[in-house]
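Here is the structure we will look at, set down as C-alpha cells.
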There are 2 protein chains.
Amino acid sequence: MTLADEMEFLRKYDASQFERPSVTADIVVFTIMDNDLKTLLIKRGQPPFAGYWALPGGFVKMDETIERAAGRELEEETGVEPSEVYLEQLYTFGDPKRDPRTRVITVAYFALVVSSKIQPFVTGREGIKEVRWFSVHNLPDNIAFDHRKIIDYSLRRLKNKLEYTAVGLELLPSAFTLTDLQNLYEAILNEKLDKRNFRKKVLSMGILQPTRRYKKGVHRPALLYMFKRAKSTSTFKSVKFEREP
Amino acid sequence: MTLADEMEFLRKYDASQFERPSVTADIVVFTIMDNDLKTLLIKRGQPPFAGYWALPGGFVKMDETIERAAGRELEEETGVEPSEVYLEQLYTFGDPKRDPRTRVITVAYFALVVSSKIQPFVTGREGIKEVRWFSVHNLPDNIAFDHRKIIDYSLRRLKNKLEYTAVGLELLPSAFTLTDLQNLYEAILNEKLDKRNFRKKVLSMGILQPTRRYKKGVHRPALLYMFKRAKSTSTFKSVKFEREP
DNA sequence: ACAAAAGTGTTCCTAATACACCCATGA
DNA sequence: TCATGGGTGTATTAGGAACACTTTTGT
C-alpha cells in the first residue's frame, strides 16, 4: 500500500483511528574522561522509571530534522555546539511497549564529543537535574526503558567503526600524541594494543599529520599530531569513510 | 531534556502545539531475477508525484512494531510471508520537507526475497496497481519523494554487507550451485569476480554444505550446496554476523 | 568430436601479528 | 643517575589477487 493510497484511505475514517506515535531522538553521548569511555545519563524524577537513569533526548519538533532535534537536545545537556559534535544515527527503536505510557518511537543517535568542550553544569528548562557521566564498562543497573539496549548497541557500533574509520579522532582535541590516540582505542575496545603495531597502522592510514610541537610532561616529550583532512589515497575504500547515509 | 520532563512540559500546553509526525515504513525489496538484482516499485496514482514510482510502504500502526509494519506491507505487495524474508532496518529519513503534504518520518528497511516465492500479481486493498521490478542498475528517472536516495543507500549497504556476511544466501533457494552464488554476487556488485578465488573464499567461510545432488543442464552437472546453519568456528568475528541491533 | 560450463593450484604480494630494546627528559 | 614514558624494526604468518588448463556432460 503506497503512501498515497494510505492517505486516501485515511480520509474516509475517523482521525482518532489513525493516532500517531510520538517520535523522540535519544542520544548516546560518548566522551573520554580519565582515560575511560564515558556516557551521559540523566536521573529521572517522575514515573515511570523514577530514580532510574535515562539517555538524554526529547521530542522531535514538527519543523526540524531528526538529527537537528538530537543536536539540540545534546547541546542542552552538554553545552557543546552541534557543529562541534560527531553525530550519527544509530537505529530506530519502536516496540509498542517500550514506553508504558504511550507509543513512543525513538530514533537513537550516538555522539562523540571532546571532553574539554563540555560545560559541566548545564541546566535544562526544568531546572537543575541530576546528570552523570558513567563509564560504559560500569553502567548502573537501573537504566530506564530500553536504554541499556541502546547503549550496548551504540558501543558495539563504535567498536566496529573504530576498525575501519578514523572516527576515534572525534574524541580527541585538535593536537594529540600517538599515546593519547592509543589510550583512546584501548578505552573503547577495552583491551591492550601493541604500541609498535598501533603506530604503524594509524600512520599508514595517512590521516595524521605530525606537527613540530611536543607535549611536555614528566618524561620524554611526545610529538603532537593533527588530523589531516581530505586524504585521498587511503588504504580503505572511500565508501567506508562516508557518513551515513 | 528527558522524556519525563517533556511529558510534564507537554501537559501545560495546548495539544495541537505538539502535533505528532506520521511514521511510515518503506521497504526496498531486492530479489534476483534473470541474473540481475531487481527492486520493486509501485506507480503512484495520486498527487503528489502522480505517475512517479515509489517504494512499497505504509503507516506504522499504533500496536505493531515498525519491523512488523514493514513485513506486513511487504507481504501485501509480494505475497511472501515475513518469516521467509530477510528484513533489516536501514535508516530513518525525517526531513520535514520530504513529503510535501505533512510531516512524514519513514523508517526504511531493506528486504531480501527469493524470487521463486514471489506471487506475481498481488493486489492491495485499493485494487490492482501498477507494480514493476526494476533492475537496480537501470532505475527510472521519475522516482517519488526521496525514494531514490533510499534505494541508493540500501544498495550501498547491501554491497558492503556482502563483504563480511553471508547475507547473499538469502536471495537463493535452499540448494544452489557455486556458480549461482557467484552470479548473485556479480549482479549485486556489478562486477566480474574470479571463479577460483570466489570459490576458495566462500568455501573457506565454512557456511556451505555440499549435498550429493547435482544441477543438470546442457553441460557438465554442477554440485549443489546448501547453507549450513549454526556454524561456530567462522573466520569472522561473531559480531559481524549479528542481525542489528 | 566439440561446445560449454564445472572444477581445480600455485605464485606473489600486502597486511596483521608477535616481540625487545634504546632514547630523551625531569626530578 | 634513574625512573618513566616515547619511540623504533624485523621475522612470521595469513589472506587477497592474478592467472590457465583439465573434466564432464549433452548434442
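These numbers come from a predicted model, not from an experiment. Residue numbers begin at 1 in each chain, while the letters A, B, ... track the order of the sequences. As a basis for the values below, the full set of heavy atoms in this structure was taken, side chains included, without hydrogen atoms, waters or symmetry mates.
- Distance NZ (Lys195(B)) to C1' (dT23(D)): 11 Å, rounded to an integer number of Å.
- Distance, Gln182(A) CD to dG7(D) C1': 12 Å, rounded to whole Å.
- The stretch residues 215-225 of chain B comes close to DNA chain C through His219(B), Arg220(B), Pro221(B), Ala222(B), Leu223(B), each having a heavy atom under 4.0 Å from the strand.
- In terms of position along DNA chain C, the nucleotide closest to Thr177(B) lies nearer the 5' end than the nucleotide closest to the other residue of the pair Asn197(B) and Thr177(B).
- Between Arg148(A) and Asp152(A) there is a salt bridge, since at least one side-chain N of the basic residue sits less than 4.0 Å from a carboxylate O of the acidic one.
- Interface residues of residues 184-194 of chain B facing DNA chain D, ordered by number: Asp194(B); criterion, heavy-atom separation under 4.0 Å.
- Atom-to-atom, CG of Leu178(B) to C1' of dG7(C) comes out at 9 Å; the value is rounded to the nearest Å.
- Side-chain atoms of Thr211(A) come within 3.5 Å of backbone atoms of Leu224(A) as a donor-acceptor pair (strictly under, hydrogens ignored).
- Following rounding to the nearest Å, Glu163(A) (CD) and dA16(C) (P) show an atom-to-atom distance of 11 Å.
- Taking atom NZ of residue Lys201(A) and atom C1' of nucleotide dA18(C), one finds them 15 Å apart after rounding to whole Å.
- In this structure, Phe93(B) and Tyr153(B) have side chains that are in contact, with non-hydrogen atoms separated by less than 4.5 Å.
- A 4.5 Å side-chain heavy-atom check between Asp146(B) and Ile150(B) finds at least one atom pair inside the cut-off.
- Aromatic ring orientation, Phe110(A) versus Tyr86(A): tilted (interplanar angle from 30° to 60°).
- Comparing dC19(C), dG6(D), dT17(C) by their closest approach to the side chain of Lys200(A) singles out dT17(C).
- Nearest nucleotide to the side chain of Arg199(A), out of dG7(D), dA20(C), dA17(D): dG7(D).
- Within the 4.5 Å cutoff, side-chain heavy atoms of Leu208(A) are placed close to those of Leu169(A).
- If you measure from atom OH of Tyr214(B) to atom P of dT23(D), you get 16 Å, rounded to the nearest angstrom.
- If you take CD on Gln182(A) and CG on Leu184(A), they are separated by 10.5 Å, rounding to the nearest 0.5 Å.
- Contact annotation: Thr179(A) does not reach the phosphate of dG5(D) (side-chain N/O to OP1 or OP2, under 4.0 Å).
- Pairs passing the ring-ring contact (aromatic ring centres under 6.0 Å, His included) check and including a residue from residues 187-213 of chain B, sequence neighbours excluded, read Tyr185(B)-Phe198(B).
- Here the straight-line distance linking atom CD1 of Ile27(A) with atom CG of Leu55(A) works out to 8.0 Å at 0.5 Å rounding.
- Between Leu203(B) atom CG and dG9(C) atom P the separation is 12 Å, expressed in whole Å.
- No hydrogens or angles were tested; on distance alone, a donor-acceptor pair under 3.5 Å links the side chain of Arg196(A) to the base of dA20(C).
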